[in-house]
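Note sheet for the following structure.
Letters A, B, ... mirror the listed sequences (proteins, then strands); counts begin at 1. Computed from a predicted structure; not experimentally measured.
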2 protein chains.
Amino acid sequence: MGDPTHNPVGDNAAMRISARADYAVRAALQLAACTDSGPVKAEAISAAQEIPHKFLEGILNDMRRGGLVTSQRGGNGGYRLARPAAEISIADVIRTVDGPLVSVRGVRPPELSYSGPAESLLPLWIALRANVRQVLDGTSLEDVACSGLPADVKKLAENPSAWTNP
Amino acid sequence: MGDPTHNPVGDNAAMRISARADYAVRAALQLAACTDSGPVKAEAISAAQEIPHKFLEGILNDMRRGGLVTSQRGGNGGYRLARPAAEISIADVIRTVDGPLVSVRGVRPPELSYSGPAESLLPLWIALRANVRQVLDGTSLEDVACSGLPADVKKLAENPSAWTNP
DNA sequence: GCATTTCCTACTACTCTGATAGGGAAGGGT
DNA sequence: ACCCTTCCCTATCAGAGTAGTAGGAAATGC
């Protein structure tokens with residue numbers, strides 16, 4: 001008992017950022033960087049960020065439907081951000097391609113209800129979500145691509161213990 | 001364009017707490033509550049928290065292998081916490097049944113590397129993870145089951161805007 | 001030896017993830 | 001008018017993970 005080499009069920013994490021979300025954010029950052037040089041082709045983004053290009057096409061399409069980017073077909077078409085990079089948060093991008101930021105058992109925290117000794121679990125999930133939002137809603141594409149992370153986020157990332165695995 | 005009724009791809013969230021993790025925490029809380037009354041049967045937990053009992057059995061087993069609970073078979077056997085409830089964090093429980101807290105595309109943040117305008121994405125994920133840890137590592141079973149959430153967590157949960165969906 | 005309760009293995013149904021393939025539709029240049 | 005480029009749409013796929021269910025073997029206490 002108390003087996004120190006215990007490995008959980010899978011090697012999969014409890015809260016995971018999907019490849020879609022990661023790719024979407026990186027694509028958006030690429031668009032934020034190349035701001036005043038006309039539309040950027042999917043192929044260019046795919047090459048710059050090493051994202052499978054057909055997969056990326058689908059993601060860019062979702063972002064267009066979500067109103068995050070606009071597109072132009074033909075000759076030298078491509079994509080560009082629909083709004084200034086400073087007005088698009090990382091959370092906006094993730095929500096657009098992956099839905100709500102945080103859920104528990106598939107439902108958003110406010111829809112949950114617990115009883116007995118688990119009653120205070122609901123406020124805990126709410127606090128967790130609030131903390132996730134603080135980082136992802138509070139950081140814009142411009143912050144990441146150019147001007148540097150917001151002060152509070154930078155502070156979190158500067159703590160060396162934040163970089164170590166459990 | 002900018003379709004206001006846009007619904008992402010699935011209705012699934014970006015970062016989700018699985019049913020396993022939610023059940024595991026609630027079961028552990030139930031054990032934390034019934035501390036000095038001998039071992040608690042899986043069936044009792046399952047009834048109290050409305051968790052499918054065969055599913056719960058598997059989860060309790062994982063927690064035993066992970067050294068979080070001890071078990072006793074036969075007559076009036078059951079489960080109890082292996083350590084005092086104040087010394088087991090919510091993160092401990094989740095890691096035991098679901099692996100690492102946060103991952104991006106299946107790998108833990110420190111293993112990632114980004115280039116170009118996405119370079120500052122790594123510290124962002126690190127900050128995100130730090131914030132998740134702050135809540136889940138900083139809250140014990142006892143906090144949730146009896147003594148009330150830690151001050152900083154309570155503060156997060158008291159903000160009304162934390163309770164609204166985007 | 002018998003009831004109880006944990007422990008183990010296997011199985012199922014379904015969904016999600018991370019892609020790939022092929023072609024159709026729009027736009028621009030000449 | 002033509003053609004080339006680039007986005008846009010639909011379909012398909014293999015593999016993995018999720019949430020359970022089922023049946024029985026092994027331990028414990030009376």
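- W125(A) places no side-chain N or O within 3.5 Å of a backbone atom of V102(A) that could act as its donor or acceptor partner.
- For N76(A), the side-chain hydrogen bond (donor to acceptor under 3.5 Å, both in side chains) test picks out no residue, with sequence neighbours left out.
- Checked against side chain to side chain contact (heavy atoms under 4.5 Å, CB included), A14(A) has the following partners two or more places apart in sequence or in another chain: I94(B), D98(B).
- Put simply, OH on Y23(B) is 8 Å from P on dA19(D), counting in whole angstrom units.
- Under the salt bridge (Lys or Arg N to Asp or Glu O under 4.0 Å) criterion, E111(A) pairs with no residue, sequence neighbours left out.
- The CD1 atom of I45(A) sits 7.5 Å away from atom CD1 of I51(A), with the distance rounded to the nearest 0.5 Å.
- The separation between D98(A) atom CG and dT15(C) atom P is 18 Å, rounded to whole Å.
- With DNA chain C read from its 5' end, the first of the two nearest nucleotides for A42(B) and S18(A) is the one closest to A42(B).
- For R64(B), the listed nucleotide lying nearest its side chain is dC7(C); candidates were dC7(C), dA19(C), dT6(C).
- For the pair R80(A) CZ and dT6(D) P, the computed distance is 15 Å after rounding to whole Å.
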Identify all pairs in which a protein N or O lies below 3.5 Å from an N or O of nucleotides 10-16 of chain D, and state each distance.
none

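- A 4.5 Å side-chain heavy-atom check between D62(B) and R20(B) finds at least one atom pair inside the cut-off.
- Of the inter-residue distances, the one linking S18(A) atom OG with N12(B) atom CG reads 10.0 Å to the nearest 0.5 angstrom.
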* Dot-bracket for DNA chain C: what is it, with Watson-Crick or G-U pairs under 3.5 Å, [ ] where a pair crosses earlier ones, and | for a pair to another strand? -> ||||||||||||||||||||||||||||||
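- Proximity of Y23(A) to P52(A): side-chain heavy atoms (C-beta onward) are separated by under 4.5 Å at one or more points.
- One interatomic measurement links the two molecules: CG of D62(B) to C1' of dT9(C), which rounds to 14 Å at whole-angstrom precision.
- Using a 4.0 Å cut-off on heavy atoms, the residues of residues 48-61 of chain B that approach DNA chain C are K54(B), E57(B), N61(B), listed by number.
- When heavy atoms are screened at a 4.0 angstrom cut-off, R105(A) is found touching no nucleic acid atom at all.
- Applying the side-chain hydrogen bond (donor to acceptor under 3.5 Å, both in side chains) rule to D22(A) yields the partners R26(A), R105(B), Y114(B); only residues at least two apart in sequence or on another chain are considered.
- In this structure, L29(A) and Q49(A) have side chains that are not in contact, with every pair of non-hydrogen atoms separated by 4.5 Å or more.
- For E119(B), there are no side chain to side chain contact (heavy atoms under 4.5 Å, CB included) partners at least two apart in sequence or on another chain.
- The nearest whole Å value for the distance from the CZ atom in R16(A) to the P atom in dG17(D) is 8 Å.
- Applying the side-chain hydrogen bond (donor to acceptor under 3.5 Å, both in side chains) test to residues at least two apart or on different chains, the pairs with a partner in residues 142-161 of chain A are Q134(A)-D152(A), S140(A)-D143(A), N159(A)-S161(A).
- Listed by first and then second residue, the side-chain hydrogen bond (donor to acceptor under 3.5 Å, both in side chains) pairs involving residues 78-89 of chain B are S89(B)-D92(B) (not counting sequence neighbours).
- For S71(A), no side-chain nitrogen or oxygen approaches OP1 or OP2 of dT6(D) to under 4.0 Å.
- Partners of S46(B) under the side-chain hydrogen bond (donor to acceptor under 3.5 Å, both in side chains) rule, at least two apart in sequence or in another chain, do not exist in this structure.
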For nucleotides 28-30 of chain D, which of its nitrogen or oxygen atoms have a protein nitrogen or oxygen under 3.5 Å away, and what is each distance?
| unit_1 | atom_1 | unit_2 | atom_2 | d |
| --- | --- | --- | --- | --- |
| dG29(D) | OP1 | Q72(B) | NE2 | 3.1 |

